[in-house]
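Notes follow once the structure below has been shown.
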Amino acid sequence: MTMRSPDDIVANDATRYTEYVSELMRRVKAVDLRGTAVAVVVPASTSACAGEVAARVYKSIGKGRFDNVICIAAGTKAAAGRINIWSERTYRSRFGEVEVNDRLRNELCDEDDDIYVSDAGHFDDDGIGAQLPFLSETLGAFSAVPMVMGAESPEFCRELGNAVAEIMYNQKTLVVAVVDVLGGSEEAVGLFKRHMEQGDVSRMMGLVASEELKLRGGGALIAAMIAAQSHGVSAATLVDLRLPNNGQPGCVGAILSH
């Protein structure tokens, strides 16, 4: 079967996009994974590259393992200097909708005043919304906590990573970091692979801050690594990493498991 590209799908036709994701999930092969997934890194964009990488990541974690998803993405300028969690009972995007877990949302906001309940900085044309068809295909029914980072300093990353780690205990919760690769060198790609596979948060922070490898969602990546390490994860399975091509963002996919 010839797969349709997301570029061929009408932007506001959620049904057709969901069908595309279902086809893609049936076609791709899962990677060999040791242990149980705790967090994943997936592309924010909806390019053909992004779809392939996201499908392989989600297929590899296994069906129905999680009841809750904490999804972290980069925020727009409206979220500057804040971490904002979606405020309504339902998160809606052109790719579908999901119930927001109010209990987990409130627990996160109790952690520190830098984490707010606000829709400012959220966007639905890619990022979090684009994950919903993949998550529905993988998990079935689930609730979510969609959040965006309007600042990605080491302090914010540690704050969010530790807050997320606290609420993951005794709860079947998957952390999803939404990340796009905007540029970089082959040398930077090599460093990223090494730091990710070794679970080296400090060096990954340094690489992200240096912008030798330019990421949208670098803070989400670091926060997810910190949260995962609190649950015994010290390394990751890197599914794919590609630099930008033909005007499309590059793609990264990884699974942190214990």
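Every value quoted in this text rests on a predicted model; they were computed, and no experiment measured them.
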Donor-acceptor side-chain pairing of [X] and [Y] below 3.5 angstrom:
{"X": "Arg242", "Y": "Gln248", "value": "no"}
{"X": "Glu97", "Y": "Thr90", "value": "no"}
{"X": "Tyr58", "Y": "Gln131", "value": "yes"}

Can a salt bridge be assigned to the pair Glu52 and Arg56 using a cut-off of 4.0 Å between side-chain N and carboxylate O?
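Salt bridge absent between Glu52 and Arg56.
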Show every side-chain hydrogen bond (donor to acceptor under 3.5 Å, both in side chains) that has at least one partner inside residues 226-239, sequence neighbours left out.
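Pairs touching residues 226-239 that pass the test: none.
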Nearest 0.5 Å please: distance from the [atom1] atom of [X] over to the [atom2] atom of [Y].
{"X": "Leu238", "Y": "His195", "atom1": "CG", "atom2": "NE2", "answer": "12.5 Å"}
{"X": "Arg203", "Y": "Gln198", "atom1": "CZ", "atom2": "CD", "answer": "8.0 Å"}
{"X": "Glu99", "Y": "Glu88", "atom1": "CD", "atom2": "CD", "answer": "13.5 Å"}

Which heavy atom in Ser143 sits nearest to a heavy atom in Asn68, and how many Å separate them?
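Result for this residue pair: OG-OD1, 3.0 Å.
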Quick one: does [X]'s side chain have a donor or acceptor within less than 3.5 Å of a partner on [Y]'s backbone?
{"X": "Ser210", "Y": "Leu207", "answer": "yes"}
{"X": "Asp119", "Y": "Trp86", "answer": "no"}
{"X": "Asp180", "Y": "Ala44", "answer": "yes"}
{"X": "Asp240", "Y": "Gly253", "answer": "no"}
{"X": "Glu212", "Y": "Val208", "answer": "no"}

